[in-house]
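Okay, here's the structure, questions in a sec.
Indexing begins at 1, ligand by ligand and atom by atom, following the structure's order.
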Amino acid sequence: MTKFATESAVTPELLAKYEPVIGLEVHAQLLTRTKIFCGCSTRFGDPPNSNVCPVCLGLPGTLPVLNKRAVEMGIRAALALNCTVRERSRFARKNYFYPDLPKGYQISQYELPLATGGWLEIEYGGETKRIGITRLHLEEDAGKSLHDGFPHSNEKTYVDFNRCGTPLAEIVSEPDMRSPDEAYAYLTNLRQILLYTGVSDCNMEEGSLRCDANVSVRLRGASEFGAKVEVKNLNSFRYLAKALQFEIERHIGILESGGHLTQETRLWNQPAGRTESMRSKERAHDYRYFPEPDLLPVHVNSAWREGVHASLPELPGAKRARFVSAFGITPYDADVLTDTQALASYFESVVKAGAPGKAAANWMQTELLRRLNDSGKEIGASPVSPEALAAMIALVESGKITATVGKKVFATMFETGRSAAEIVAAEGLGASVSDDAIEQAAREVIAKNPDNVAKFKAGNEGVFKFFVGQVMKATRGQANPHAVNEIVRRLLS
Ligand SMILES: [Zn+2]
């Protein structure tokens with residue numbers, strides 16, 4: 001897990017005196033083709049105001065019609081997050097004035113949200129912690145104000161209504177996180193679950209995943225919460241962690257100098273590296289919520305809910321646990337290999353094609369992921385198929401080639417797409433050192449290291465590896481490691 005360095009006037013002693021309390025509100029754009037209350041496309045990047053109609057422009061006399069698919073996506077996310085999906089929920093109008101909101105209100109859910117009372121697990125510092133999820137509700141997105149890139153941008157603000165009415169799920173956590181690192185882990189796991197379930201593409205650059213944080217501090221051991229500040233505009237994982245760290249230290253600084261904190265909303269200013277006050281509690285919005293009269297309550301019966309539940313894929317946490325128990329890999333390996341569904345299924349295919357779990361995990365993490373990363377390729381575009389990798393691993397495992405040669409062969413496979421057997425045959429890379437040559441090298445190594453021979457004879461099995469390593473080195477990595485093992489053991493005993 002990432003650790004974030006702090007450059008702060010607050011000493012570690014002061015930091016330790018206080019406990020941060022953090023909750024996150026995440027907006028995820030749901031992956032529907034059309035908007036939540038009309039048939040307009042949700043496609044990103046189209047020319048401004050090309051995906052609009054009287055409904056999403058809020059023209060008088062129009063009526064919203066709820067997109068069933070958006071509700072289904074909401075149910076999917078809610079169930080994956082262990083929430084209770086309410087049989088009956090209701091939309092409400094959230095009233096406020098803003099240029100990107102043509103209706104003058106946003107249709108959201110308020111006192112009757114779609115789902116409540118869930119949780120997700122984070123792993124942090126070797127421990128598993130459950131973070132509560134208060135609620136998940138559906139709402140429509142607003143449009144977008146465009147401040148530059150147009151002929152009169154220096155004197156005017158332009159508005160693009162394409163995003164108006166795009167379906168969102170707002171996921172509100174309990175204030176259960178106690179450090180920026182935990183908040184980072186929560187957002188990482190939440191994003192992974194939304195991706196696995198296909199509910200959102202979670203593309204932060206395109207605004208498909210947005211995050212606001214509630215943060216306060218209290219003296220360690222205190223049971224009451226301190227004054228809470230909402231920080232908005234945390235549109236990357238790094239901003240989130242940096243903004244939280246800044247805000248925690250700001251709170252401690254104020255409290256330590258005898259000041260008091262006020263409840264307010266602040267904005268993260270990334271270039272300046274600080275949060276700035278946006279509005280205080282006194283000026284907070286009164287949204288005058290009331291039930292949306294143009295929409296019926298949402299009814300989710302058990303058949304619908306169960307149908308969605310049955311269609312959920314294996315979730316990241318369950319997959320990690322299964323990889324550890326079924327394939328004998330470490331939790332760390334499992335964590336890396338379940339990062340995406342595509343990576344996890346590649347790994348399973350390598351094992352299915354005959355490679356031992358641990359070897360498959362090692363080769364993927366060292367050689368494959370590094371080369372994919374260097375060449376900017378996704379796992380789906382890997383020039384080496386899972387079966388081809390398994391065949392290469394089989395050559396190494398059987399001692400037909402050494403691990404060192406295996407790495408060279410893999411590099412060629414990655415570049416050319418040829419099979420391991422083909423490359424080994426064409427380039428004469430098979431383990432080619434005769435047993436006699438191995439034995440001669442082994443005798444020399446043993447003669448040169450009487451101290452280690454004594455240690456081995458005294459029962460120190462650990463030095464055996466030393467001898468094997470030295471013989472491999474003497475044969476320039478070309479010897480069959482199984483033969484080396486056998487010969488060294490015979491000569492030593
Ligand atoms: Zn529309």
Side-chain angles (χ1 to χ4, degrees), residues 26-78 89-110 112-114 136-147 149-150 156-171 194 198-210 235 285 287-300 304 308:
V26 172
H27 285 90
Q29 184 181 324
L30 300 172
L31 267 180
T32 57
R33 278 193 308 106
T34 57
K35 296 184 181 181
I36 188 168
F37 300 122
C38 64
C40 293
S41 169
T42 54
R43 202 167 36 241
F44 182 84
D46 280 356
N49 301 310
S50 57
N51 296 323
V52 292
C53 73
V55 173
C56 55
L57 286 174
L59 300 187
T62 58
L63 288 172
V65 177
L66 180 58
N67 181 343
K68 188 177 178 185
R69 186 84 184 129
V71 181
E72 193 172 308
M73 294 257 179
I75 299 172
R76 240 176 125 66
S89 62
R90 190 166 63 188
F91 283 95
R93 285 191 187 178
K94 179 180 181 179
N95 298 281
Y96 65 94
F97 177 78
Y98 205 72
D100 63 14
L101 190 72
K103 290 201 295 284
Y105 60 86
Q106 179 190 19
I107 303 181
S108 181
Q109 292 187 307
Y110 188 51
L112 293 176
L114 179 71
L136 180 149
H137 70 248
L138 299 172
E139 63 185 29
E140 60 175 343
D141 208 346
K144 223 188 276 183
S145 297
L146 306 172
H147 301 286
F150 293 94
K156 289 174 182 167
T157 292
Y158 291 71
V159 197
D160 176 9
F161 292 119
N162 280 353
R163 206 177 64 181
C164 256
T166 295
L168 302 176
E170 179 173 341
I171 301 158
L194 297 176
V199 159
S200 174
D201 65 16
C202 295
N203 186 331
M204 282 187 129
E205 287 78 49
E206 294 180 1
S208 306
L209 193 72
R210 285 168 256 162
N235 295 330
H285 280 299
Y287 291 117
R288 294 173 293 123
Y289 279 101
F290 63 85
E292 166 59 63
D294 291 339
L295 286 165
L296 289 166
V298 180
H299 188 79
V300 182
W304 191 12
V308 173

**Report entry** Main-chain N/O of Asn49 paired with Asp160 side-chain donor or acceptor, under 3.5 Å
**Finding:** yes
Report task. Output, by chain and residue number, all protein N/O/S atoms separated from the Zn ion (ligand 1) by less than 2.8 Å. Result -> Cys38 SG, Cys40 SG, Cys53 SG, Cys56 SG
Query raised in the report: Does Arg163 use its side chain to pair, donor to acceptor, with the backbone of Ala142 at less than 3.5 Å?
Result: yes
Query - Pro293 vs Arg93 side-chain heavy atoms within contact, under 4.5 Å - result: yes
Report summary line: Sorted by chain and residue number, the ring pair (Phe, Tyr, Trp, His ring centres under 6.0 Å) partners of Tyr96 (sequence neighbours excluded) come out as Tyr287
Query - Listed once per pair and sorted, the side-chain hydrogen bond (donor to acceptor under 3.5 Å, both in side chains) pairs that draw on residues 64-73, sequence neighbours left out - result: Thr34-Asn67, Arg69-Glu72
Report task. Apply side chain to side chain donor-acceptor pair (under 3.5 Å) to Tyr158 and list each qualifying residue two or more places apart in sequence or on a separate chain. Result -> none
